[in-house]
Amino acid sequence: MRRIVVTGGCGFIGSNFIRLELELDPELSIVNIDKLTYAGNLANLADLQGNARYQFARGDICDKDFVTSVLRSGDIDAVVNFAAESHVDRSILDSSPFVQTNIIGTQTLLDCCRLHKIGRYVQVSTDEVYGSLGDDGKFTEETPLAPNSPYSASKASADLLVRAYVHTFDFPAVITRCSNNYGPYQFPEKLIPLFISNALKDQSLPVYGTGLNIRDWIHVLDHCRGIDAALRRGRVGEVYNFGGNSELTNLDLTYALLDALGKPRTLIRYVADRPGHDHRYAIDATKARRELGWEPQAVFAAGLRQTIDWYLANPDWIANIKSGEYRSYYEQQYGNRLT
Ligand code: NAD
Ligand code: DAU
């Protein structure tokens with residue numbers, strides 16, 4: 001593989017993936033397609049400016065002419081699609097951009113890739129397409145799709161389109177589904193960076209509902225290594241689950257963050273629950289281990305510490321975002337009452 005297109009590379013996971021790929025494969029060059037929505041940030045890849053193996057193309061994956069122009073620009077061996085609207089809370093406020101980018105954008109990419117006979121396509125999906133678990137069990141690749149939020153419904157729709165293109169056109173795609181990522185460069189609307197950012201300013205941490213919902217946390221680089229394995233070794237038409245073996249209630253995670261930052265638990269503020277809030281996610285990654293030789297490497301406590309240290313060492317990264325248009329879901333819903 002010599003040259004690939006990554007979409008959504010200015011976001012959290014895409015930027016970590018691009019940096020990792022360039023490190024892992026000295027022969028590889030990457031074109032990053034990104035629209036630079038509120039979540040896209042050129043600062044996430046500022047260190048790659050001037051790197052001859054990295055190219056940025058600003059544009060929308062829903063724009064067929066633009067995508068075509070990028071695919072025509074050189075011998076592209078593969079496309080990895082990270083570009084998406086990614087926040088459940090925002091999809092509750094307005095699902096339109098989710099339908100547009102996550103569904104229409106995926107369909108546009110699939111059509112363009114098919115036309116240009118791209119040899120490999122990876123759809124970066126999410127465990128949320130499986131819905132919610134009770135207190136037992138884990139999601140396997142055979143778990144029926146049962147998305148509960150507009151976000152997860154749009155991601156499941158995209159997965160179904162990918163599946164249909166494989167079936168109908170022998171399109172060479174694989175799908176990956178991962179649990180909650182943490183690590184550097186995550187946009188501060190998601191739980192971990194939002195709570196770090198608030199705690200550092202002695203502002204309250206809005207825990208939804210009881211705080212007893214459970215998420216499985218995986219370090220972003222473990223996810224990226226899994227996508228790399230699926231890109232290079234995944235079987236066409238297959239789905240691969242990735243998880244971190246680190247299930248935590250939101251409350252226990254919040255305690256861990258506050259303890260690590262030396263901040264009091266009195267900063268916790270219980271707020272109205274997220275509508276339709278999924279109770280629990282957990283991943284069975286046996287298939288990825290067996291077929292791709294993939295295992296998560298990070299130990300959660302050490303990974304969380306390293307993540308907190310990154311945010312402490314990069315205060316300008318969040319400060320620069322906050323000076324932009326960002327207002328969190330709960331700020332929009334409840335104004336300043338939380339802070
Ligand atoms: P993010 O919100 O941080 O980044 C998304 C990126 O996509 C941004 O750079 C944005 O500018 C770009 N983008 C959005 N719409 C676009 C469009 N129409 N055309 C081109 N670019 C566009 O998201 P993330 O957390 O990095 O997630 C990346 C992918 O991984 C998403 O597909 C998401 O569903 C999936 N995923 C995320 C997680 C997680 O925990 N964050 C877990 C599993 C799967
Ligand atoms: O499981 C994978 C998914 O993980 C990805 O597909 C999504 O793109 C990603 O955003 C993430 O979704 P979540 O909804 O789980 O992430 P979020 O960080 O928004 O919330 C994590 C948990 O914390 C969830 O149970 C809701 C809760 N929460 C979140 C925020 C932002 C709070 O209690 N308070 C908050 O302020």
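Ligands are counted one by one from 1 in listed order, and the atoms in each one are counted from 1 as well.
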Practice problem: May I ask you to test the Asp278-Arg215 pair for a side-chain heavy-atom distance under 4.5 Å? | Solution: yes
Quiz item: Does Phe12 have Lys190 sitting over its ring (NZ/CZ under 6.0 Å from centre, angle to axis within 45°)?
Solution: no
Exercise. Considering heavy atoms of the protein only, find what lies nearest to atom 31 (C) of ligand 1 and give residue, atom and distance to 0.1 Å.
Key: Phe82 O, 3.2 Å
Quiz prompt | Thr101, Leu191, Val129: member with heavy atom nearest to atom 15 (N) of ligand 1 | solution = Thr101
Exercise. For the pair Phe242 and His223, name the ring-plane relationship: parallel under 30°, tilted 30 to 60°, perpendicular over 60°.
Key: tilted
Quiz prompt | His277 side chain to Asn148 side chain, donor-acceptor N/O pair below 3.5 angstrom | solution = no
Quiz item: His87 and Tyr151: aromatic ring centres closer than 6.0 Å?
Solution: no
Could you list the donor-acceptor pairs under 3.5 angstrom formed by side chains in residues 163-173, with sequence neighbours left out?
from   : atom 1 : to     : atom 2 : distance (Å)
Tyr165 : OH     : Asp111 : OD1    : 2.7
Thr168 : OG1    : Ala164 : O      : 2.8

Practice problem: Around atom 32 (O) of ligand 1, find the nearest protein heavy atom and jot down its residue, atom name and distance. | Solution: Lys155 NZ, 2.7 Å
Quiz item: Less than 4.0 Å between a side-chain N and a carboxylate O, is that true for Arg90 and Glu189?
Solution: yes
Exercise. Please work out whether the ring planes of Trp310 and Tyr185 are parallel, tilted or perpendicular, with thresholds of 30° and 60°.
Key: tilted
Quiz item: Who's the nearest protein heavy-atom neighbour of atom 19 (N) of ligand 1, and how far?
Solution: Ile61 N, 3.0 Å
Quiz item: Nearest heavy atom to atom 20 (O) of ligand 2: which of Arg215, Lys190, Arg274 does it belong to?
Solution: Arg274
Quiz item: Any N or O on Trp217 sitting closer than 3.5 Å to an N or O of ligand 2?
Solution: no
Self-check item: For Asp127, atoms of ligand 2 separated by under 4.0 Å from a heavy atom
Solution: 1 (O), 2 (C)
Practice problem: Give the atoms of ligand 2, by number and element, whose distance to some non-hydrogen atom of Val207 is under 4.0 Å. | Solution: 33 (O)
Self-check item: Close approach, Glu189 and ligand 2, non-hydrogen under 4.0 angstrom
Solution: yes
Quiz item: Identify the closest protein heavy atom to atom 43 (C) of ligand 1: which residue and atom is it, and at what distance?
Solution: Cys178 O, 3.4 Å
Quiz item: Are Asp60 and ligand 1 in contact, using a heavy-atom cut-off of under 4.0 Å?
Solution: yes
Quiz item: Do Trp294 and Tyr240 have their ring centres less than 6.0 Å from each other?
Solution: no
Quiz prompt | Arg265 charged N/C atom sitting above Tyr255 aromatic ring, 6.0 Å / 45° | solution = yes
Quiz item: Taking atom 7 (O) of ligand 1 as the point of reference, which of Ala57, Gly8, Ser125 owns the nearest heavy atom?
Solution: Gly8
Quiz item: At what distance is the nearest protein heavy atom to atom 21 (N) of ligand 1, and which residue and atom is it?
Solution: Lys35 N, 3.1 Å
Self-check item: Region of Arg177 engaging ligand 1 - heavy atom pairs below 4.0 Å
Solution: neither
Quiz item: How far is atom 4 (O) of ligand 1 from its nearest protein heavy atom, and which residue and atom is that?
Solution: Gly11 CA, 3.4 Å
Quiz item: For ligand 1, is Tyr151 a contact, meaning one of its heavy atoms is under 4.0 Å away?
Solution: yes
Exercise. Any atoms of ligand 1 less than 4.0 Å from a non-hydrogen atom of Cys10? List them with their elements.
Key: 9 (O)
Quiz item: With atoms numbered from 1 as shown, which atoms in ligand 2 lie under 4.0 angstrom from a non-hydrogen atom of Leu194?
Solution: 36 (O)
Exercise. Looking only at distances, please establish whether an N/O atom of ligand 2 is found under 3.5 Å from an N/O atom of Tyr151.
Key: yes
Quiz item: How many angstroms lie between CG in Leu205 and CG in Leu257, if you round to the nearest 0.5 Å?
Solution: 8.0 Å
Exercise. Using a 4.0 Å heavy-atom threshold (strictly under), name the region of Asp34 that reaches ligand 1: side chain, backbone, both or neither.
Key: both
Practice problem: Determine, using ring centers only, whether Tyr38 and Phe187 are less than 6.0 Å apart. | Solution: yes
Quiz item: Where do Ser125 and Ile175 come nearest, in terms of heavy atoms and distance?
Solution: CB-CG2, 3.9 Å
Quiz prompt | Protein heavy-atom partner closest to atom 26 (O) of ligand 1 - residue, atom, separation in Å | solution = Ile13 N, 2.8 Å
Exercise. Taking the side chain as every heavy atom from C-beta outward, state whether Asn250 and Ile214 have any pair of such atoms under 4.5 Å apart.
Key: no
Exercise. May I ask you to test the Val122-Thr176 pair for a side-chain heavy-atom distance under 4.5 Å?
Key: yes
Practice problem: Examine the proximity of ligand 1 to Phe12 and report which part, side chain or backbone, both or neither, has a heavy atom under 4.0 Å away. | Solution: both
Quiz prompt | Gly59 near ligand 1 by a heavy-atom separation under 4.0 Å | solution = yes
Quiz prompt | Per atom 28 (N) of ligand 2, closest listed option by heavy atom (Tyr208, Phe195, Tyr281) | solution = Tyr208
Self-check item: Heavy atom of the protein closest to atom 40 (O) of ligand 1 (residue, atom name, distance)
Solution: Asn181 N, 2.9 Å
Quiz prompt | Residues in salt bridge (Lys or Arg N to Asp or Glu O under 4.0 Å) contact with Glu291, at least two apart in sequence or another chain | solution = Arg235
Quiz item: Does Ser15 come within less than 4.0 angstrom of ligand 1, counting non-hydrogen atoms of the residue?
Solution: no
Self-check item: Under-4.0 Å heavy-atom contact with ligand 1, by part of Leu36 that carries it
Solution: backbone
Quiz item: Which option, Ala84, Ser86, Gly183, owns the non-hydrogen atom nearest atom 5 (C) of ligand 1?
Solution: Ala84
